[in-house]
There are 2 protein chains.
Amino acid sequence: MGDSHITFDHWEGCYADRVANIPSSATRDLFGAASRADMISLSGGMPDIRVMPEEVLKTALDSMLDNKNEALQYGSTDGRVQTKKIIIELMEDIGVNGLAPEDIIITSGSQQALDLMGKVFINPGDTIITEAPTYLGALQAFSVYQPNVRAVPFDDEGMRMDLLEELLKELGNRGAKFLYTIPTFQNPGGVTMTLERRKRLLELCHEYDITILEDDPYSRLRFDGEPVPSLRSMDPNVVYLGTFSKIFAPGLRVAWVIAPRAILQKINLCKQGADLCGSAFNQILAEKYFTLTPWKETLASYVETYKRRRDALLQACEEYLPEEVSYTHPEGGFFIWLTLPDYINTDRLLPIALDRGVTFVPGSGCYPDKTSNSMRLAFCYESEEDLTEGIKRISKVIDERLIMYRALKRDGLIVD
Amino acid sequence: MGDSHITFDHWEGCYADRVANIPSSATRDLFGAASRADMISLSGGMPDIRVMPEEVLKTALDSMLDNKNEALQYGSTDGRVQTKKIIIELMEDIGVNGLAPEDIIITSGSQQALDLMGKVFINPGDTIITEAPTYLGALQAFSVYQPNVRAVPFDDEGMRMDLLEELLKELGNRGAKFLYTIPTFQNPGGVTMTLERRKRLLELCHEYDITILEDDPYSRLRFDGEPVPSLRSMDPNVVYLGTFSKIFAPGLRVAWVIAPRAILQKINLCKQGADLCGSAFNQILAEKYFTLTPWKETLASYVETYKRRRDALLQACEEYLPEEVSYTHPEGGFFIWLTLPDYINTDRLLPIALDRGVTFVPGSGCYPDKTSNSMRLAFCYESEEDLTEGIKRISKVIDERLIMYRALKRDGLIVD
C-alpha cells in the first residue's frame, strides 16, 4: 500500500507522535512497482513451503473436523495448553528443559512478540541494544515505542563483546531496557554467535542487569557445523522467541515467547488488548502437524533444499562477484550478507538491480541510522539455477559501478 | 494466567509506564478459579459455532489443498485481495457501496483494529469518547495508549446526543481523537442507535471534526425490527470495523477495517511492525466458506438460534428477576444489560453468583471509572433451558440481597 495517491491528509495533526513521522518504506514501494516477469527474488525470507508434500497437509487437515468446535471458537489469550506441550517437546529437542505451559505464550508470529516486548518495556527515549545490522522487522516493531537504539556490530563469531562491554559501561546498570539478538544464523548476517561469546554475553548482561531477548527462528535449519546451545538453555531469565514459521509454515502465524512469569504476565495483559487471542484453528492445525505427520522428515527436506541453495549461492558469489565484495558464509538459515566498497550506497543500487531483474534487501533498513554499502541476499526460495543467475545479474550491476569508479579515479577525477 | 504465584518481580521498575499499572483482571482471575461442573455461563460472548453443520466446514477444508502454497506462505500486511472482494460484497449487502480493496485492511479480529487505532491516534493524555457502558475489550485495547476516556451514556435509542453535544462543546474542535461506538446491538447494552440519533451523531462529529470509529460485529444478527443503516453507509469518513467472527467463526481471527486511505496507510505501517501479516490460511478458508458453502443458510440458523435464546432469556427475566431490576430488550446481537438497585455492587455479587453456578460480566469493566450496579448477560451460547436456570440462580442471589436490605431498612439500620 503505497501512499502516492494521498495528496491531502485531513487527519494530519491528529495522529499520535509515535506514527506521525514514520515514512512509508521506500524499499517496499520500489518492490511494489517492480514487475518484470523473470524477476529473481533474493530479497524475501520466505520458507519454501512448496517442499512440503501435499499429503502431509492433507493428513493434518483431514483430522481438523475432530476438533471443529474448539478450532472455530475463541481461545485463551496465552494459547492452547496442547500446543504448548508440542512446543515444550520441541524446546527439549534443542536443550531447553523443565518448561511448563505457564512459561509460554503463543503469539501471532514472532513479530507480535517483538511488538509486545516493545509495548511492555519501552518508554519513549529508552535505550535498547541490537546487533548491527539486525532484523529490520524488529527495528520496525520497536520503533513505534520510540526507543533510542544502540547497535553493536558483529563479526564472524557474532556480536562483538568488546564493543558491547564499552557500550554497557557507558550506559551503566539497567542502562538499556533489553538487548535483542538473533544469535544463530543471524538475520540479516547469517553468522552464528560462538559459545564463548554467548557465555560472555550472559556474563555482561548479568553484570549490568540487562534483559536478553533471543530471537531464534532458524536454529533448526543447520546445514553443517556443530549446534551451539541457545542463550535460553544457558539462562532461564532470557526471553526467547520461537516460531513454527520456518519448521512448518508461516501462513499460520503461530509462534511463541518463553519468558520469566512476571514478564509473561505483562505480555499477556497487553496481548488481551492487542488481539484477545490467537487463532485456535491454526494452533490445532500445528498440533496435528507435529503429532500426525512425519514432520522430522519434512524438516529434513527443508534443510536439504536450503543447503543446496546456500551452496549454489556461495559458489556463484565466488565465481561472479568482484573481489572487492566480501560476504558471510552461514552454516544454516536463510541469508548471506554482502559488503560492497564503501562508496556504493545499496539504496541507490536497488532500482538499477530491479531494472536488471533481481531483488535484494539494501542494508540501510537493518541499521537504526540508515545508510549502508551492504545488502542481504536470501537463498531460501529461488532454485539453484535462479540463484546463480541472480548473482550474475547483481555482479554485473556492481561491476559496472566499480569500472566507472576506477575510470574516474584513473583520470584523476576522484581523489581518495 | 493469574499472578498469584509471582511474589517478587525482578523487572519491577523496568516496565514501560503504559503497563506498569495495569492490574491483572480480578474478574478474569475469579472466572479462572471457578470450576463447578454445572456452571452456566452468561458471561462469554462466544458465537455458538456448534450450530454450523460439520459438512460445511468439511467443504471449505477439502478445497484448501488447491491453494496449499499460498495458504502456508506469508501474505501481504493489508490482507488478500480475494478476501477483500468477499468483504466488499458483504458490505454491499448492508448498503455500503463503491469500496475498492485499497479501502480495506484485514486484521486479526477487530481487537487488532482497535489496538491499531489506539496506536495510530492516541498520545498519552489525549481524549477519546466512548459509550457508557462500552465494550470492555475496547477500553483495554485503548488503555495502553493512556487516553483520557470520556463516556457518554445511552438510553433505548442509543448514545444520548444531548449529553454528547454538551461534551463536545466542552472539548471544542478536534477535542477528541475519535469517538468509539457500537451503534447496532451494542456491547454490552444490546441497544441500537436510532436513525435520527445516527444523523445527529454525524452532524455533531462533522461540526467538531471528530473521527467516528464504528464497531459493527452484530448487525447481521437481527431477530426483529427494521435494519438501521450503518454510520459508514452514511459517511465515508467513518472508520468501520467488521468481522467474520459472528457470521462465520471467531477461531480464524479474520476481521477488517474500512477507513479513509490516509488513515489506512498509518494503520498499515503499524500493522507491519505488529504482525507482518495475518494468516493467509485463514483468509483463504474464509474465501472458501463464503464462496463454496451455503453461508446464508448457516447464518440464518445462527440468527434463529440466538433469537430463541434471547426470547428464553427475556422471558426468564420477566418471570424471575425482582421488579427492582431493569434490563434492555435487544432486537439482535448477543447481550442484554441489567441494572440493579444502586446499592448493589455487581463486582461484589460475582463471587456469590459463581458459587451458585452462574457467571455474568460485572458492569465495572465496561466503564472507564469502574464501579457499577449493572451486569452484562449473554444469550448466545447456552441452551434455552440453561439460560432460564441461569436467570433463576442470578435472581435468587439478587433477591437474597434485596430481602436483607429491606430487613435492615425496616429495622431502621439503614436510613436513605
Side-chain angles (χ1 to χ4, degrees), chain A residues 1 3 5-6 9-11 14-17 19 22 24 46 49-50 54 57-58 61 64-65 68-69 71-74 78 108-109 111-112 115 119-123 137 140-141 143-144 174 177 249-253 261-263 265-266 268-270 272-276 278-282, chain B residues 1 3 5-6 9-11 14-17 19 22 24 46 49-50 54 57-58 61 64-65 68-69 71-74 78 108-109 111-112 115 119-123 137 140-141 143-144 174 177 249-253 261-263 265-266 268-270 272-276 278-282:
Chain A
M1 310 223 347
D3 59 348
H5 53 285
I6 298 166
D9 182 352
H10 174 78
W11 291 269
C14 292
Y15 301 117
D17 299 337
V19 300
I22 304 183
S24 175
M46 297 179 300
I49 40 74
R50 295 168 299 191
E54 220 170 74
L57 180 59
K58 188 166 164 27
L61 279 179
M64 285 303 292
L65 283 181
K68 167 183 166 267
N69 291 336
L72 296 182
Q73 193 53 269
Y74 290 110
D78 58 315
S108 287
Q111 191 70 31
Q112 187 186 33
D115 179 57
K119 215 177 222 179
V120 165
F121 280 101
I122 304 173
N123 282 321
Q140 200 172 7
S143 73
V144 290
R174 283 196 172 182
K177 283 302 179 78
L252 304 185
R253 317 305 297 125
R261 293 186 187 184
I263 296 177
Q265 191 211 329
K266 300 289 185 193
N268 200 49
L269 285 169
C270 284
Q272 281 171 17
D275 74 354
L276 282 184
S279 167
F281 190 98
N282 293 354
Chain B
M1 310 230 338
D3 59 348
H5 53 286
I6 298 167
D9 183 351
H10 174 78
W11 292 268
C14 292
Y15 301 117
D17 299 338
V19 301
I22 303 182
S24 175
M46 297 178 298
I49 39 78
R50 296 169 299 192
E54 221 171 73
L57 179 59
K58 186 167 166 25
L61 279 179
M64 284 304 291
L65 283 182
K68 166 184 167 266
N69 292 336
L72 296 182
Q73 194 52 271
Y74 289 111
D78 59 316
S108 287
Q111 190 72 30
Q112 188 187 32
D115 178 57
K119 214 176 223 181
V120 165
F121 280 103
I122 304 172
N123 282 321
Q140 202 174 4
S143 73
V144 289
R174 285 196 170 182
K177 283 299 179 80
L252 304 186
R253 317 305 296 127
R261 293 185 189 185
I263 295 177
Q265 191 211 328
K266 299 289 185 193
N268 200 50
L269 284 170
C270 284
Q272 281 170 19
D275 74 353
L276 282 186
S279 166
F281 189 99
N282 293 354

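Proteins come first, then strands; the chains are lettered A, B, ... in the order of their sequence lines, and each starts at number 1.
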Who among Arg174(A), Gln112(A), Met46(A), Gln73(A) has the most heavy-atom pairs with chain B under 4.5 Å?
Gln73(A)

Find the distance between [atom1] ([X]) and [atom2] ([Y]) and round it off to the nearest 0.5 Å.
X: Tyr15(A); Y: Lys177(B); atom1: OH; atom2: NZ; answer: 10.5 Å
X: Ser279(B); Y: Asn282(A); atom1: OG; atom2: CG; answer: 4.0 Å
X: Lys266(B); Y: Cys14(A); atom1: NZ; atom2: SG; answer: 11.5 Å
X: Cys270(B); Y: Gln140(A); atom1: SG; atom2: CD; answer: 9.0 Å
X: Leu65(B); Y: Leu57(A); atom1: CG; atom2: CG; answer: 5.0 Å
X: Lys58(B); Y: Met64(A); atom1: NZ; atom2: CE; answer: 13.5 Å

Ion pair check, Asp115(A) and Lys119(B), cut-off under 4.0 Å
yes

Pair Asp275(A), Ser108(B): side-chain N/O donor-acceptor within cut-off below 3.5 Å
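No, because no side-chain N or O of Asp275(A) sits under 3.5 Å from a partner of the opposite role on Ser108(B).
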
Select one option (side chain, backbone, both, neither) describing which atoms of Val144(A) are under 4.5 Å from chain B's heavy atoms.
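Side chain only.
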
Just give me the residue among Leu61(B), Leu252(B), Asn123(B) that pairs up with chain A most often, heavy atom to heavy atom, under 4.5 Å.
Asn123(B)

Could you work out, with side-chain contact (heavy atoms from CB on, under 4.5 Å) as the rule, every residue matching Asn69(B), not counting sequence neighbours?
Ile49(A), Arg50(A)

Would you mind checking which part of Ala274(B) comes under 4.5 Å of any heavy atom in chain A, side chain (CB onward), backbone (N, CA, C, O), both or neither?
both

Are any of the side-chain heavy atoms of Ile263(A) and His10(B) separated by less than 4.5 Å?
no

Where do Gly273(A) and Ala141(B) come nearest, in terms of heavy atoms and distance?
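That closest heavy-atom pairing would be O-CB, 3.3 Å.
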
Do you know the tightest heavy-atom contact between Tyr74(A) and Arg253(B)?
CE2-NH1, 3.5 Å

